[in-house]
Amino acid sequence: MASVSTGEKSLETRALRKVIIRVVPFLMALYFVNYLDRTNLGIAKADISEHLQLTASMFGLASGIFFIGYVLVEVPSNLALERFGARRWLARIAVSWGIVAVAIGFAPNAATLLVLRFLLGVAEAGLFPGVIFYLTRWFPAAYRARIVAMFMMASPIAAAVGTPLAAWMIQAGEGLFGLAGWQFMMIGVGLPAIILGIICWFYLTDRPADAHWLRPDERQWLIDVLAREERDVAGTFEFPLRRALTSPRIWALSLVYFGVAYGLYALAFFLPSIISDFKKMFDVHLSIVQVGLITSVPYTLAAIAMYLWSRHADRKGEHVWHVAIPMGLGGLAIPIALYLHSPLLVMIPVSIAAMGVFSAIPSFWALPAQFLTGAAAAGGIGLINSIGNLGGFAAPYATGALNQFTGSDKAGMWAVGVIMLLSAVVVVILRATPQPVRPPE
């Protein structure tokens with residue numbers, strides 16, 4: 001019996017190692033470029049605001065309007081992925097968003113910038129929830145939080161590595177080909193999306209049954225385990241697509257994710273400008289590249305914390321508190337940063353906030369798969385991500401408007417802290433495991 005168990009464990013290890021190596025690095029590369037393309041406006045804030053005559057609230061609107069387009073087509077996009085397959089649909093998303101991202105580099109005025117940022121959201125909609133849904137088709141439940149963490153490490157890595165790289169491109173690209181530095185950077189980080197989209201069409205495999213790069217016994221083991229888990233969920237919870245889209249639990253999870261996204265994008269769009277303000281607050285003079293390098297520190301720590309925290313969540317088999325604790329700590333840390341009196345001290349709570357919001361995300365995405373399968377999972381995950389990502393619109397716009405109205409960063413950052421804390425409270429009230437939904441007699 002022991003030898004059978006040992007043999008099965010060896011089979012499991014071999015199969016999952018091959019899937020990780022084949023799937024995760026490519027998806028990380030896709031999300032690395034994706035995260036940089038949606039947040040690079042924050043890196044170029046000073047230059048693009050001067051070039052296109054943007055006020056603080058207009059910049060916030062340009063940052064956030066992306067999420068309006070994103071939300072409008074998110075659920076249909078995720079359902080299309082389930083229908084047409086990840087290989088085709090993720091390729092379509094990457095190529096179309098890359099084209100729009102490059103076009104932003106040629107925006108001649110604020111109105112064009114707003115239109116293109118809206119279209120960027122439309123083009124990109126479905127990528128993140130599509131990948132989350134795709135990973136549920138390849139990894140058993142016991143591995144999903146850490147696998148999502150591995151995939152999502154691309155975002156703090158993009159912020160840590162991509163931010164100083166993009167800042168350098170702004171500085172080095174000034175005047176090249178007759179372009180402003182920010183234009184050169186926008187084009188430079190948009191082109192890789194098109195290239196990755198083309199590769200995606202030929203590289204990804206839609207489902208384990210088509211994975212000829214697995215040995216037959218590895219492929220069959222994976223098919224059997226995933227089918228058994230799906231039968232168990234379907235036998236306990238009856239959530240057809242329509243019911244999933246109207247479920248109070250799905251909408252409550254959407255509110256939780258709103259708080260997560262609010263914290264994430266407030267940091268993404270305004271952390272570089274907060275660090276730039278060290279000159280005014282502390283008489284510290286920093287170049288745009290130095291700002292990018294300092295910005296990378298919280299995200300480097302966040303990448304490490306996210307992976308370790310998700311592994312802990314999987315080992316414990318618990319995800320609610322693994323969302324609530326980091327969100328609560330991050331929400332408390334944000335306002336504290338406003339009242340400290342040296343750059344080093346300010347960066348400590350900012351780093352805690354970044355670690356908190358990123359550490360919460362993988363465990364959060366382990367929750368919907370506990371009671372959704374098939375089309376209901378695709379639609380439900382898409383709905384949660386779309387409604388939650390309204391926080392991506394609200395955060396930069398509200399933060400910019402509050403900063404402009406009050407003349408200070410404090411009101412906007414207080415709002416970030418409060419919303420993150422409320423998100424932590426809601427997920428604890430909600431709890432992880434829903435009551436079984438039985439069919440009517």
Side-chain angles (χ1 to χ4, degrees), residues 10-35 77-78 80-95 97-98 124 126-158 192-193 195-230 303 306-307 310-311 313-314 361-366 368-369 373-374 377-378 381-382 385:
S10 173
L11 180 60
E12 175 182 347
T13 302
R14 283 191 286 110
L16 291 178
R17 183 185 295 121
K18 287 183 180 180
V19 175
I20 289 171
I21 292 171
R22 173 82 180 193
V23 170
V24 175
F26 179 78
L27 294 178
M28 287 181 68
L30 203 59
Y31 196 50
F32 178 99
V33 176
N34 171 256
Y35 185 85
S77 180
N78 223 37
L81 180 140
E82 204 237 351
R83 179 176 179 182
F84 297 115
R87 178 175 62 84
R88 295 182 181 88
W89 200 249
L90 291 179
R92 192 283 305 163
I93 289 172
V95 170
W97 114 57
E124 188 195 309
L127 176 75
F128 179 81
V131 170
I132 297 298
F133 176 66
Y134 180 68
L135 292 175
T136 68
R137 293 295 182 92
W138 284 93
F139 292 97
Y143 293 87
R144 283 178 192 154
R146 78 190 76 175
I147 295 300
V148 171
M150 290 172 66
F151 159 66
M152 285 212 62
M153 281 177 70
S155 55
I157 290 171
I195 296 168
L196 285 171
I198 294 169
I199 294 171
C200 180
W201 183 275
F202 300 99
Y203 182 76
L204 280 189
T205 307
D206 285 325
R207 53 185 181 167
D210 300 328
H212 299 298
W213 38 269
L214 288 174
R215 283 173 37 177
D217 59 339
E218 296 165 347
R219 186 164 59 245
Q220 194 58 52
W221 174 85
L222 189 57
I223 291 169
D224 291 344
V225 168
L226 293 170
R228 184 168 63 248
E229 288 189 352
E230 185 158 339
M306 179 171 66
Y307 182 69
S310 66
R311 282 181 62 89
D314 277 346
I361 296 173
S363 288
F364 174 84
W365 284 113
T373 62
I381 290 169
N385 195 61

Which atoms form the tightest heavy-atom contact between [X] and [Y], and what is the distance?
X	Y	result
W97	V33	CZ2-C, 4.0 Å
L226	T136	CD2-O, 4.0 Å
L196	A29	CD1-O, 3.6 Å
A91	G197	CB-O, 3.2 Å
A15	L214	O-CD2, 3.9 Å
L90	L27	CD1-CD2, 4.4 Å

Could you tell me if R87 sits above the aromatic ring of F202, with its cationic atom closer than 6.0 Å to the ring centre and no more than 45 degrees from the axis? no

Say you draw a straight line from [atom1] of [X] to [atom2] of [Y]; how long is it, rounded to the nearest 0.5 Å?
X	Y	atom1	atom2	value
W221	D217	CH2	CG	11.0 Å
R22	L204	CZ	CG	8.0 Å
M153	Y31	CE	OH	13.5 Å
I157	M306	CD1	CE	7.5 Å
L222	L11	CG	CG	9.5 Å
I223	R207	CD1	CZ	8.5 Å

Do any N or O atoms from the side chain of R144 and from the backbone of L135 form a donor-acceptor pair under 3.5 angstrom? no

Does R14 reach the main-chain N or O of E218 with its side chain, forming a donor-acceptor pair under 3.5 Å? no

Check whether any side-chain heavy atom of [X] sits under 4.5 Å from a side-chain heavy atom of [Y], and report yes or no.
X	Y	value
R137	F133	yes
D206	R88	yes
I93	C200	no
W213	V19	yes
W138	I147	no
F151	F128	yes

The criterion is side chain to side chain contact (heavy atoms under 4.5 Å, CB included); which residues satisfy it with A142, sequence neighbours excluded? none

Ion pair R311/D314, N-O distance below 4.0 Å: no

Do the rings of F26 and Y203 sit parallel, tilted or perpendicular, given the 30° and 60° boundaries? tilted

Hey, can you tell me if W89 and F84 have their rings parallel, tilted or perpendicular (30° and 60° cut-offs)? parallel

